Colleague: 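My questions all concern the structure below.
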Amino acid sequence: MGKMRTHSAPWRAAAVLASVLLVGGVAACGNSDTGGGGTTDDGKITMGFSQVGAESGWRTANTTSIKEAAAAAGIELKFDDAQQKQENQIKAIRNYIQQKVDVIAFSPVVESGWDTVLKEAKDADIPVILTDRSVDSADKSLYKTFLGSDFVKEGRLAGEWLVEQKKTASGPVNIVELQGNTGAAPANDRKKGFGEAIAANPNLKIIASQPGDFTRAGGKQVMEQFLKANKKIDVLFAHNDDMGLGALEAINAAGKVPGKDITIITVDAVKDGMQALADGKFNFIAECSPLLGPQLMDLAKKVHAGEEVPPRIETEETTFTTEQAKEALPNRKY
């Protein structure tokens, strides 16, 4: 891990040839700008990063943060977009192992099914950093650290706000839930945290819960189904802003007023979501910051140098009401 390499001239020529051949193989996979071959001998850190996709405004801001931070830190970044498919991420990680990058980082599409490829990285002496989403591997030695949010806390904060808002409700409060991707850590954890929080008020009942895949199109489609199947919907809890924004279209089309007829709670606090909150169309947002790039590059340098890092590093986040969104919007970076 992170060793400077000195080679004889013949070996170096062979390495260059292998690198050229490898680049051709990677380019053929498409969906990637992973660039050239293995680590160079100039002391520059090379990071292979596999991103979930570009399914939301949050994810786009996250990708931008990582690319800009890598450039600022002088780290060579090999970036791959997995298009929300685990098999694409596993393929990308194996490419990075073959290229002998110094550090691998990725945001896992789902929580399960990573042990084999993570063990391959460990055997190759390449440290792995998990960003934004964690994995459920029992062997914690397969990765160095997790950098991201406490998704359970985000769901709990959303639920606690709703409990406070509905504390005087005398009858049932019907809630519909737009989940993220099935099996994804934020979907599992936000659902868990929200459910635990609303248990404090027996009037709060989730009457329908279905994945909208973190996309606006998914949010709109599933919300349309919810509205057709349920005459009385009082609250929408969307696992991210984009699904909530898609749901707005369905709510408006159904002749209801978002933010008034239906209380809307989301997670993320991207600019479009914050604008909807400031406009009174959303009612509450639990923040999930996508700007992980600078922290990730700092961690990459530390693990490359063999330094010990905490097993879990959480980002600092807050929550927003309509008035708070109005105050924060002018200086919002994403």
Side-chain angles (χ1 to χ4, degrees), residues 1-8 11-12 14-16 18-19 22 26 34-51 62-63 65-80 82 89-108 111 114-150 185 289 291-316:
M1 175 176 71
K3 305 181 189 71
M4 291 294 292
R5 302 180 178 89
T6 54
H7 308 299
S8 65
W11 199 100
R12 193 187 300 270
V16 170
S19 173
L22 183 59
V26 171
T34 49
T39 307
T40 60
D41 286 338
D42 58 5
K44 189 172 186 176
I45 296 172
T46 302
M47 173 188 285
F49 185 87
S50 177
Q51 182 62 283
N62 180 241
T63 292
S65 175
I66 288 164
K67 288 183 175 180
E68 289 179 350
I75 290 176
E76 181 183 349
L77 183 69
K78 298 176 183 292
F79 183 90
D80 184 88
Q89 283 200 305
I90 291 172
K91 184 185 296 183
I93 292 167
R94 286 188 169 134
N95 280 335
Y96 296 145
I97 294 169
Q98 289 175 357
Q99 293 176 58
K100 296 183 172 63
V101 300
D102 295 302
V103 180
I104 291 172
F106 74 111
S107 181
E111 288 188 286
W114 299 103
D115 284 28
T116 300
V117 74
L118 289 179
K119 189 173 187 307
E120 290 169 17
K122 183 180 179 181
D123 290 344
D125 203 22
I126 300 174
V128 173
I129 300 172
L130 304 177
T131 72
D132 172 45
R133 302 178 178 186
S134 191
V135 298
D136 62 5
S137 299
D139 184 358
K140 304 302 181 187
S141 74
L142 294 177
Y143 56 92
K144 292 295 181 182
T145 186
F146 162 80
L147 168 64
S149 303
D150 184 338
S289 176
L291 307 181
L292 305 181
Q295 283 179 282
L296 175 59
M297 299 311 147
D298 183 55
L299 282 171
K301 290 179 179 180
K302 287 179 177 178
V303 299
H304 176 63
E307 294 181 29
E308 287 296 318
V309 295
R312 185 177 180 92
I313 300 168
E314 292 180 5
T315 49
E316 291 187 11

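Keep in mind that what you see is a predicted model, and the values were worked out from it rather than measured. Values reported hereafter were calculated over all heavy atoms of this structure, with side chains retained and with hydrogens, waters and symmetry mates removed.
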Colleague: Give, for atom CG of Leu299 and atom CD1 of Ile313, the distance between the pair rounded to the nearest 0.5 Å.
Modeller: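 Between Leu299 CG and Ile313 CD1, I get 4.0 Å after rounding to 0.5 Å.
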Colleague: Gln89 and Trp114: side-chain contact (heavy atoms from CB on, under 4.5 Å), yes or no, with the steps?
Modeller: CA-CA 10 Å; Gln89 283 200 305; Trp114 299 103; 3.2 Å; yes
Colleague: Give, for atom CG of Leu118 and atom CG of Asp123, the distance between the pair rounded to the nearest 0.5 Å.
Modeller: 11.0 Å
Colleague: For residues Thr131 and Gln295, determine if any side-chain heavy atom of one lies less than 4.5 Å from a side-chain heavy atom of the other.
Modeller: no
Colleague: Working to the nearest 0.5 Å, report the span between CG of Asp150 and OG of Ser134.
Modeller: 11.0 Å
Colleague: Supply the atom-to-atom distance Ser289 OG to Glu316 CD, rounded to the nearest 0.5 angstrom.
Modeller: 10.5 Å
Colleague: Give the minimum heavy-atom separation between Val128 and Leu142, together with the two atoms involved.
Modeller: CB-O, 4.0 Å
Colleague: To check you understand the geometry: which heavy-atom pair defines the closest contact between Arg94 and Thr116, and what is its length?
Modeller: NH2-CG2, 3.8 Å
Colleague: To the nearest 0.5 Å, what is the distance between CE (Met297) and CD (Glu68)?
Modeller: 11.0 Å
Colleague: Whether the Asp139 and Ser137 side chains hold a donor-acceptor pair (N or O, under 3.5 Å, no angle test) is what I'd like checked.
Modeller: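 No, because no side-chain N or O of Asp139 sits under 3.5 Å from a partner of the opposite role on Ser137.
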Colleague: side-chain contact (heavy atoms from CB on, under 4.5 Å) for Lys301 and Ile75? Distances and angles first, verdict last.
Modeller: CA-CA 9 Å; Lys301 290 179 179 180; Ile75 290 176; 4.3 Å; yes
Colleague: Looking at every heavy atom in both Leu296 and Ile66, which two are closest together, and how far apart are they?
Modeller: CD2-CG1, 4.2 Å
Colleague: For a 4.5 angstrom cut-off between non-hydrogen side-chain atoms, does Phe106 reach Tyr96?
Modeller: no
Colleague: Does any part of the side chain of Ile104, heavy atoms only, come nearer than 4.5 Å to the side chain of Lys144, both counted from C-beta?
Modeller: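 With C-beta onward as the side chain, the pair stays apart.
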Colleague: Could you pull out the closest heavy-atom pair between Val309 and Thr145, with the gap in Å?
Modeller: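 Taking every non-hydrogen atom into account, CG2-CB, 3.9 Å.
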Colleague: Between the side chains of Thr46 and Lys78, does any donor sit under 3.5 Å from an acceptor?
Modeller: no
Colleague: Search all heavy atoms of Met47 against all heavy atoms of Ala300 and return the closest pair with its distance.
Modeller: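 Reported closest heavy-atom pair: CE-CB, 3.5 Å.
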Colleague: Which atoms form the tightest heavy-atom contact between Ser65 and Leu292, and what is the distance?
Modeller: OG-N, 3.6 Å
Colleague: To the nearest 0.5 angstrom, please state how far the CD atom of Glu120 sits from the CD1 atom of Ile126.
Modeller: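 Those atoms lie 10.5 Å apart.
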Colleague: With side-chain contact (heavy atoms from CB on, under 4.5 Å) as the test, would you mind laying out the steps for Lys119 and Asp115 before giving the verdict?
Modeller: CA-CA 6 Å; Lys119 189 173 187 307; Asp115 284 28; over 6 Å; no
Colleague: More than 12 heavy atoms of other residues, nucleotides or ligands under 6.0 Å from NZ of Lys140: is that the case?
Modeller: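 Yes, NZ of Lys140 has more than 12 neighbouring heavy atoms, counting only those of other groups under 6.0 Å.
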